[in-house]
2 protein chains.
Amino acid sequence: MTVLADTSLEPHRLTSAQRVLSILGVFDTENLALSLSEISRRTGLTLSTTHRLLNELRCWGALSRHSDGKYSIGLRILELGTLAPQGGQLREIALPFLHDLQHATHGNIHLAVPEGHDVIYVESLRARDTVPVPSRLGGRWPMHATCTGLVLLANSSQEFQEEVLSSKLRQYTVNTLTDPDALRHSLAEVRKSSVAVMESQLTYDVMAVAVPIRGPRDRVVAAVGITVPSGSIAPHSLVPAMAATARSISRALGAPSAVAEPPAQRPPAHWQAREVKRASFTRPSGPR
Amino acid sequence: MTVLADTSLEPHRLTSAQRVLSILGVFDTENLALSLSEISRRTGLTLSTTHRLLNELRCWGALSRHSDGKYSIGLRILELGTLAPQGGQLREIALPFLHDLQHATHGNIHLAVPEGHDVIYVESLRARDTVPVPSRLGGRWPMHATCTGLVLLANSSQEFQEEVLSSKLRQYTVNTLTDPDALRHSLAEVRKSSVAVMESQLTYDVMAVAVPIRGPRDRVVAAVGITVPSGSIAPHSLVPAMAATARSISRALGAPSAVAEPPAQRPPAHWQAREVKRASFTRPSGPR
DNA sequence: AAAAAGCCTTCCGCTATGCGGAAGTCGGGC
DNA sequence: GCCCGACTTCCGCATAGCGGAAGGCTTTTT
């Protein structure tokens, strides 16, 4: 179809829908509020066009305008976003189990789904009394550098895996795997064991474990991940709790392999109530 | 500006931006996935136009398409939504305090912000082991029928209050206040005491308490609410914990009135660790 | 089996649409 | 005072994109 990425050297050939979307697209974690002229510059649209579109978006509720004249994403978008089946719906079902998991392990818990070459966190529970962890609800990170991403990638089609492996893989820490062969090896292991373990591949001093969540027809639809300070706990000791959580959620989603014996019940809440030491998490340079 | 609400009896005079937005607008909690022709019918756009726009939206990631051909809201919208300052940002700051509050009270906790005549829940923590409560993240409910809404309305401009009071106020239960005078009285009390208490005004057998959260310049920017089964606990016994939580969050947001004495610290986690009896929550007929 | 009714997709010509230049307004800094 | 930047409004022209119509495909009806 039409290519959206327009380096805009030539006079912008954009459809009007693309113009609207390009305005929404200029907002990101570093640009939460932008003025008319900033938006105009960043989109490459003329002032008058930008002005008119901003008004239409604001009337509808997609954007809101502050007293200083700047625009931000509006609540209507937040509201809409929760209607995404892989987002709001999944989150709704998984949340109680994730809470249990957090109680049991005291780690930072993520629920991730694939989107393009990235994962999106549709839930992020941070551990009480721990330093901020680089993962927000709605956050986007590349698959190859996240534990949940590795799980999702390992369960994707061969074709998609190669597509991702042949793209430019950013190096976040000295541990980040960017070599296709090393990654292929990793993926094979994850596929075999149904668990991914990572050590400081996205940020330093963090250990992560992730497992797949399956839905109808046993397709992998999401991944649960946990991150804890490096060295605070042995990775494999987290696996039983993670596996049980994943199974509970998969069962609630109707995954055939998880629907068995006893009718759906929440797992007991006392697997691993072990204390986790604090550690300093460092914030990486940013997604994408 | 341009009136968006178009009863579409006359041939649709829509701008192209409105066409795009009207497509996004057809999705709601009851319509999470729609086919091309359903969307075409509901928007009043022709098939060909709808078809083209759906493709553009899908390419950008605003919509996703399933194997059965139906369209849903895409993750890109979820991602965008978290950039709303009153949403993602506020949530991020408030979450730890809300968690503490939930631990202490075992109730269902909400964080609500105003949007039009409604409130939007930007966070919703449901109590462990309680029956589902009618409030999702991203949910929208009228101000006059929710406890958090009452708090927000009481702290709005006189002008806005009258605007809301003179609109059609839906009756959800026999307790729902729909009489403007009764509401004015309620609002005055809330303003004076900085607390709202409700008994089964949105759904039956539920008691709710809510308090305001203030931001820079001490403006009320949000409200925290708690809902518990009716009769499980005395409303006023919840107030200290609620007030402390609101104060902590307000302080974190930089509210002058909350920045005082000791530098920001989390409140102790053992105010009210009292057990709450279960109760059956009933789902109301739906928002709007 | 044939026909009818849906759904989705593609094509193309006409014109209503909405684009962008330019002029007007407001406010702040030097 | 003047200038500069940000925002708003207006209007004529060209083209973007609208919608009718037709074609392919699947499912239901008779």
Side-chain angles (χ1 to χ4, degrees), chain A residues 1-27 31-60 62-74, chain B residues 1-27 31-60 62-74:
Chain A
M1 307 292 148
T2 325
V3 176
L4 288 185
D6 170 276
T7 2
S8 59
L9 292 171
E10 28 167 301
H12 344 281
R13 304 283 87 208
L14 289 180
T15 68
S16 54
Q18 283 165 357
R19 272 183 269 258
V20 170
L21 295 173
S22 73
I23 287 186
L24 296 178
V26 299
F27 294 94
N31 298 282
L32 295 169
L34 294 165
S35 71
L36 166 62
S37 38
E38 284 170 320
I39 296 172
S40 168
R41 272 192 297 273
R42 291 165 149 268
T43 55
L45 303 174
T46 63
L47 261 184
S48 49
T49 299
T50 311
H51 182 253
R52 185 174 36 84
L53 292 179
L54 286 175
N55 263 331
E56 297 202 58
L57 287 165
R58 190 176 49 78
C59 286
W60 192 79
L63 297 179
S64 63
R65 191 163 196 193
H66 307 262
S67 44
D68 61 359
K70 293 196 170 185
Y71 296 85
S72 295
I73 296 294
Chain B
M1 304 293 145
T2 324
V3 175
L4 287 185
D6 171 277
T7 4
S8 60
L9 293 170
E10 29 167 296
H12 344 279
R13 302 283 90 206
L14 290 179
T15 69
S16 54
Q18 284 166 355
R19 272 183 270 261
V20 171
L21 295 173
S22 72
I23 288 184
L24 296 178
V26 300
F27 293 93
N31 298 282
L32 295 169
L34 294 165
S35 69
L36 166 63
S37 38
E38 284 170 320
I39 296 172
S40 167
R41 271 192 297 273
R42 290 165 150 269
T43 54
L45 303 174
T46 61
L47 263 184
S48 48
T49 298
T50 310
H51 182 254
R52 185 175 36 83
L53 291 179
L54 285 175
N55 263 332
E56 297 201 59
L57 287 166
R58 189 176 49 77
C59 286
W60 191 78
L63 297 178
S64 63
R65 192 164 195 193
H66 307 261
S67 43
D68 62 0
K70 293 195 170 185
Y71 296 84
S72 296
I73 296 295

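The chains referred to below are lettered A, B, ... by the order of the sequence lines, with proteins before strands, and numbering in each begins at 1. These numbers come from the heavy atoms of this one structure, side chains and all, not from hydrogens, waters or symmetry mates.
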Requested in this report: Please report, rounded to the nearest Å, how far the P atom of C/dG18 is from the CD atom of B/Gln18.
Outcome: 8 Å

Requested in this report: Verify side-chain contact (heavy atoms from CB on, under 4.5 Å) between A/Asn31 and A/Val26, making sure each step is shown before the conclusion.
Outcome: CA-CA 8 Å; A/Asn31 298 282; A/Val26 299; over 6 Å; no

Query - B/Ser35 versus B/Lys70, closest heavy-atom pair with distance - result: N-CG, 4.1 Å

Report task. Check whether any side-chain heavy atom of A/Ile39 lies under 4.5 Å from a side-chain heavy atom of A/Leu45, and answer yes or no. Result -> no

**Report entry** side chain to side chain contact (heavy atoms under 4.5 Å, CB included) partners of A/Ser48, counting only residues at least two apart
**Finding:** A/Thr46

Report task. Would you mind reading off the distance between B/Leu34 atom CG and C/dG6 atom P, rounded to a whole angstrom? Result -> 19 Å

**Report entry** Side chain to side chain, B/Thr43 and B/Arg19, heavy atoms closer than 4.5 Å
**Finding:** no

Requested in this report: Only counting residues at least two apart or in another chain, list the ones meeting side chain to side chain contact (heavy atoms under 4.5 Å, CB included) with B/Ser72.
Outcome: A/Pro85, B/Ala33, B/Ser64, B/His66

Enumerate all atom pairs, one protein N or O and one N or O from nucleotides 4-8 of chain D, separated by less than 3.5 Å.
{"unit_1": "D/dC7", "atom_1": "OP2", "unit_2": "A/Ser37", "atom_2": "N", "d": "2.8"}
{"unit_1": "D/dC7", "atom_1": "OP2", "unit_2": "A/Ser37", "atom_2": "OG", "d": "2.5"}
{"unit_1": "D/dT8", "atom_1": "OP1", "unit_2": "A/Arg65", "atom_2": "NH1", "d": "3.1"}
{"unit_1": "D/dT8", "atom_1": "OP2", "unit_2": "A/His51", "atom_2": "NE2", "d": "3.2"}
{"unit_1": "D/dT8", "atom_1": "O5'", "unit_2": "A/His51", "atom_2": "NE2", "d": "3.4"}

**Report entry** A/Ser40: side-chain hydrogen bond (donor to acceptor under 3.5 Å, both in side chains) partners, not counting sequence neighbours
**Finding:** none

Taking N or O atoms only and anything under 3.5 Å, show me the protein contacts with nucleotides 13-16 of chain D, one pair per line.
{"unit_1": "D/dA16", "atom_1": "OP1", "unit_2": "A/Arg13", "atom_2": "NH1", "d": "2.6"}

Requested in this report: State which residues pass side-chain hydrogen bond (donor to acceptor under 3.5 Å, both in side chains) with A/Arg65; sequence neighbours excluded, sorted by chain then number.
Outcome: A/Tyr71

Requested in this report: Could you check how far CG of B/Leu54 sits from P of D/dG17, rounded to whole Å?
Outcome: 15 Å

